[in-house]
Amino acid sequence: MDQPDAPDHLFPFTLDLTAGEARRRAEVVAVLGAGWDPVAALEAEDAATALLYSDLDPAQQRTYDTLVAAGVLPTTVREP
């Protein structure tokens, strides 16, 4: 964006955060370690979510269904 009234000592610049983001992600994976299993982590998260929304009374179930229909809560696969 050209600004003709801008002083000569100001100039536009860009900052590329790609290398920093790649380093940050590599550090996170390194801290997690070789034993980290992302599939098992996601399965455990799904199980915890299913447990959280299990055994709801009728009023809670209606509220849950309303929130899912509104897109506030994700649809979960709940075990019977």
Side-chain angles (χ1 to χ4, degrees):
M1 181 172 173
D2 292 331
Q3 295 180 349
D5 298 333
D8 291 336
H9 65 276
L10 295 178
F11 56 91
F13 67 95
T14 59
L15 182 59
D16 186 4
L17 300 175
T18 307
E21 180 63 12
R23 186 193 56 75
R24 184 194 67 80
R25 289 182 183 190
E27 292 294 330
V28 168
V29 171
V31 168
L32 290 171
W36 180 63
D37 183 1
V39 174
L42 289 174
E43 288 172 349
E45 185 175 327
D46 288 343
T49 301
L51 183 60
L52 178 64
Y53 296 113
S54 66
D55 297 325
L56 300 177
D57 66 30
Q60 291 170 330
Q61 186 65 51
R62 282 192 302 276
T63 302
Y64 172 80
D65 293 339
T66 301
L67 292 172
V68 169
V72 175
L73 291 175
T75 304
T76 60
V77 177
R78 291 185 290 151
E79 298 179 21

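Along the sequence shown, residues carry numbers from 1.
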To the nearest 0.5 Å, how far apart are CD in Gln61 and OG1 in Thr66?
9.5 Å

Non-neighbouring partners of [X] that pass side chain to side chain contact (heavy atoms under 4.5 Å, CB included), sequence neighbours left out:
| X | answer |
| --- | --- |
| Asp16 | Thr18 |
| Leu52 | none |
| Ala19 | none |
| Glu21 | Arg24, Arg25 |

Remaining members of the apolar cluster that contains Leu17, side-chain heavy atoms under 4.5 Å:
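Answer for Leu17: Leu15.
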
Are Leu56 and Leu67 in one and the same hydrophobic cluster, where Ile, Leu, Val, Met, Phe, Trp and Tyr link if side-chain heavy atoms are under 4.5 Å apart?
yes

Find out if a path of hydrophobic residues (ILVMFWY) with successive side-chain heavy-atom gaps under 4.5 Å connects Tyr53 to Val72.
yes

Scan residues 36-45 for pairs that pass side-chain hydrogen bond (donor to acceptor under 3.5 Å, both in side chains), counting only residues two or more places apart or in two chains.
none

